[in-house]
Amino acid sequence: MKLYHYSTFENFPSIRREGLKIGGDGFVYLAESHELARAFAYFYGLQAYALFEVDIEPNEISESTDHNEEYFKGLTQKTSAKCYISEHNIPADNVNFMGMFWV
């Protein structure tokens, strides 16, 4: 399954080397589309960020309900805005760099 994750430029080198690590709250957050991941970066006020495509098995994630899906549908102009969480680190081999973005 392909999902998407954004992060600050500062985290880019470690993500490339080590993959995605769970945060202080115990999760890695993932979005169902690159547009949705970019909408979250915008929502959180990031002016610049790196975007990653993540290859992950469906049994390694759970749906996250910590966001307003209708709001993000409006931002992305998509019919769905689902997010997921993983309680496990995601190895670098499963994380593909898509590009750097500036607002």
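We count residues from 1, following the sequence as given. Note that these values count all heavy atoms, side chains included, but never hydrogens, waters or copies made by symmetry.
- E69 CD: more than 12 foreign heavy atoms inside a 6.0 Å radius.
- Heavy-atom minimum distance, A81 versus L36: C-CD2, 3.5 Å.
- A chain of hydrophobic side-chain contacts below 4.5 Å, direct or via other Ile, Leu, Val, Met, Phe, Trp or Tyr residues, connects Y4 to Y71.
- Between the side chain of E32 and the backbone N or O of K82 there is at least one donor-acceptor pair closer than 3.5 Å.
- With respect to E70 and K73, a salt bridge is recorded, a charged nitrogen being found less than 4.0 Å from a carboxylate O.
- Atom CZ of F9 sits about 9.5 Å away from atom CG of L46, to the nearest 0.5 Å.
- In terms of hydrophobic clustering, with Ile, Leu, Val, Met, Phe, Trp and Tyr side chains grouped at heavy-atom distances under 4.5 Å, I15 and I56 are assigned to a common cluster.
- Both Y49 and L75 are assigned to one and the same hydrophobic cluster, defined by single-linkage of ILVMFWY side chains at heavy-atom distances under 4.5 Å.
- F72 and Y6 fall within a single hydrophobic cluster, where Ile, Leu, Val, Met, Phe, Trp and Tyr are joined by side-chain heavy atoms under 4.5 Å apart, directly or via other members.
- The shortest side-chain heavy-atom distance between H34 and E53 does not fall under the 4.5 Å cut-off.
- Separation of atoms OG (S86) and CD (E60) is listed at 6.5 Å; rounding is to 0.5 Å.
- Hydrophobic cluster membership of F27, counting Ile, Leu, Val, Met, Phe, Trp and Tyr whose side-chain heavy atoms lie under 4.5 Å apart directly or via other members: Y29, I85.
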Under 3.5 Å, side-chain donor or acceptor atoms of residues 88-103 against the rest of the protein: list the pairs with distances, not counting sequence neighbours.
| unit_1 | atom_1 | unit_2 | atom_2 | d |
| --- | --- | --- | --- | --- |
| N89 | OD1 | I22 | N | 2.8 |
| N94 | ND2 | D55 | O | 3.0 |

Legend entry - Stepwise side-chain contact (heavy atoms from CB on, under 4.5 Å) check, M1 with E57: CA-CA 6 Å; M1 174 176 213; E57 294 297 322; over 6 Å; no
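- Here CD of E63 is found 12.5 Å from CG of L30. Values are rounded to the nearest 0.5 Å.
- When every heavy atom of A37 is checked against every heavy atom of A31, the shortest pair comes out as N-CB, 3.7 Å.
- Counting heavy atoms from C-beta on, the side chains of S62 and Y84 never come closer than 4.5 Å.
- Ring pair F43/F40 is perpendicular by interplanar angle, where above 60° counts as perpendicular and below 30° as parallel.
- Under a hydrophobic clustering in which Ile, Leu, Val, Met, Phe, Trp and Tyr are joined whenever their side-chain heavy atoms come within less than 4.5 Å, directly or via other members, L51 and L20 fall into different clusters.
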